[in-house]
Amino acid sequence: MEQERQAVARNRKVVLRGYIERAPREDDMELVDGGAMELRVPEGAGGPAVLVKNLYLSCDPYMRGRMRDFHGSYIPPFKPGSPIEGFGVGKVVDSTHPGFSAGDIVSGMTGWEDYSLITKPEQLRKIQQSDIPLSYHLGLLGMPGFTAYVGFYEICSPKKGEFVFVSAASGAVGQIVGQLAKLHGCYVVGSAGTNQKVELLKEKFGFDAAFNYKEEPDLTAALKRYFPEGIDIYFENVGGPMLDAVLLNMRTHGRIAVCGMVSQHGVTASTGIHNLFSLISKRIEMKGFIQSDYVHLFPQFVDDITKHYRDGKIVYVEDVSVGLESGLAAFVGLFSGKNIGKQVVCVSQD
């Protein structure tokens with residue numbers, strides 16, 4: 001045990017080089033050698049802490065917002081020169097917190113590095129290893145899955161037989177929303193940016209229909225074609241022209257869950273929305289949300305989604321890049337649609 005506590009390892013880190021106001025590029029980040037570190041919680045940690053070896057890291061669009069020098073959001077910006085942060089799955093190497101022991105598998109917010117010192121271990125969640133891949137705790141059973149679950153059931157208030165549209169439908173959140181909607185008895189259409197993704201939506205995830213928005217010169221007409229009777233529920237992931245087109249195709253008393261607006265992450269001046277009057281004339285409910293506001297529902301979510309997965313009622317697709325050094329390109333690729341499914345970085349399988 002004493003020999004293990006004195007073990008030393010190199011700790012590579014992905015750091016932010018400086019704040020940006022555009023779409024991220026690989027050279028906005030840098031992989032650096034953080035030097036040798038003892039694999040134990042240092043005595044000056046300032047309270048109970050946990051040292052984890054990161055196994056999987058999650059690439060999520062919200063992280064782009066933390067690359068700005070903006071302090072008015074629900075989560076603070078990254079610090080230039082320090083590791084970027086995100087959700088991860090790791091293995092406990094050492095712990096001074098009574099709730100965690102060496103060898104435990106945990107998920108929670110961590111640094112983009114080989115090893116992270118977690119000084120707020122109460123934010124970590126233990127994972128019981130099972131037939132479900134560990135990386136799924138960053139997607140299907142993690143923040144994206146919970147976002148889909150909360151957004152669909154709590155914000156959209158679905159009814160059987162309703163017409164549901166999901167944008168960015170093959171992504172980490174959208175693929176789950178569509179499958180939950182089908183399980184609920186809804187008619188579901190998704191949009192994506194490649195024909196490969198469109199086929200994935202129909203053949204793998206069971207959407208009733210799907211289309212490549214890049215091949216549609218008139219999004220309003222395209223939605224009218226797929227929803228001749230209008231849209232009851234729109235799960236919003238992209239913003240911009242798609243939202244404008246949806247507003248003209250919503251049914252009376254429709255609901256819009258605003259989860260993200262990925263089309264606006266790469267622009268310096270946000271695109272305005274022109275058809276907001278539809279909210280009045282059609283009495284549409286449009287609400288933004290953050291999954292952490294519904295944390296009391298997380299245990300129910302895990303139970304429900306785990307059962308659906310084991311029963312074969314929900315499938316999940318990941319895009320896994322291997323090695324911490326691959327994380328820069330994997331993250332940047334989110335904003336041009338390079339990923340197929342949930343983007344994950346495998347740092348180590350040890």
Side-chain angles (χ1 to χ4, degrees), residues 7-20 23-42 49-67 75 77-94 102-119 121 123-125 127 129 133-139 142-144 172 317-336 338-350:
V8 174
R10 308 297 294 185
N11 192 30
R12 300 169 303 158
K13 305 167 181 280
V14 175
V15 302
L16 179 68
R17 298 180 67 180
Y19 291 123
I20 61 172
R25 301 192 303 245
E26 288 184 51
D27 60 4
D28 295 322
M29 300 164 282
E30 185 178 11
L31 180 67
V32 301
D33 186 344
M37 67 178 295
E38 289 189 32
L39 299 184
R40 64 182 181 88
V41 175
V50 173
L51 180 68
V52 301
K53 180 177 185 177
N54 291 310
L55 304 179
Y56 295 95
L57 298 172
S58 178
C59 296
D60 297 298
Y62 81 89
M63 296 165 64
R64 157 67 183 90
R66 301 190 69 185
M67 300 173 81
I75 191 168
F78 296 138
K79 296 178 181 178
S82 296
I84 64 174
E85 300 171 341
F87 290 101
V89 170
K91 185 176 185 178
V92 175
V93 176
D94 189 34
D104 286 347
I105 304 297
V106 296
S107 67
M109 193 65 70
T110 189
W112 273 43
E113 52 194 346
D114 291 305
Y115 296 90
S116 292
L117 181 66
I118 311 297
T119 56
Q123 296 180 0
L124 295 175
R125 183 171 59 88
I127 295 174
Q129 295 194 63
L134 288 180
S135 57
Y136 279 27
H137 291 272
L138 296 178
M143 181 273 288
V317 171
E318 291 181 311
D319 194 329
V320 181
S321 61
V322 178
L324 183 62
E325 65 280 1
S326 73
L328 293 77
F331 174 68
V332 170
L334 287 177
F335 302 94
S336 58
K338 288 186 177 179
N339 57 301
I340 306 288
K342 167 64 184 166
Q343 185 67 65
V344 175
V345 179
C346 175
V347 182
S348 172
Q349 292 181 309
D350 184 8

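Just so it is clear, the values below take in all heavy atoms, side chains as well, and ignore hydrogens, waters and symmetry mates.
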Check your understanding: What are the two closest non-hydrogen atoms of Val41 and Ala49, and how far apart are they?
Key -> CG2-O, 3.7 Å

Point to revise | Where Ala172 and Pro144 come nearest, the two heavy atoms and their spacing | key: CB-CB, 3.7 Å

Check your understanding: Is it true that the side chains of Ser348 and Asn54 contain a donor and an acceptor less than 3.5 Å apart?
Key -> no

Check your understanding: Is a side-chain N or O of Tyr19 found less than 3.5 angstrom from the main chain of Phe78, in a donor-acceptor match?
Key -> yes

Practice item. Name all pairs fulfilling the salt bridge (charged side-chain N to carboxylate O under 4.0 Å, His left out) condition that reach into residues 80-93, sequence neighbours left out, sorted by first residue then second. Key: Arg66-Glu85

Revision key, fill the gap. Minimal heavy-atom distance between Met67 and Leu16, with the atoms involved, is CE-CD1, 3.6 Å

Study note, to complete from the structure: In this structure, NZ of Lys13 is separated from OG of Ser82 (nearest 0.5 Å) by 8.5 Å

Exercise for review: Looking only at non-hydrogen atoms, find the nearest pair between Cys346 and Gln349 and report the distance.
Suggested key: SG-CG, 3.5 Å

**Study point:** Glu325/Arg12 salt bridge by N-O under 4.0 Å criterion
**Key:** yes

Review point. Among Thr110, Val344, Leu138, which residue meets the side chain to side chain contact (heavy atoms under 4.5 Å, CB included) test with Leu57?
Key: Thr110

Exercise for review: Write down the atom of Asp60, the atom of Phe87, and the distance for their closest heavy-atom approach.
Suggested key: OD2-CD1, 4.3 Å

Review point. Do the charged groups of Asp33 and Arg10 touch, with an N to O distance under 4.0 Å?
Key: yes

Practice item. Kindly give the heavy-atom pair with the smallest separation between Leu324 and Trp112, and that separation in Å. Key: CD1-C, 4.2 Å

Point to revise | Separation of Cys59 SG from Leu334 CG (nearest 0.5 Å) | key: 5.5 Å

Point to revise | By side-chain contact (heavy atoms from CB on, under 4.5 Å) - contacts of Asp319 (at least two apart) | key: Asn339, Ile340, Gln343

Review point. Roughly how far, to the nearest 0.5 Å, is CZ of Arg125 from OG of Ser107?
Key: 3.5 Å

Practice item. Could you tell me whether the side chains of Ser58 and Lys342 share a donor-acceptor contact shorter than 3.5 Å? Key: yes

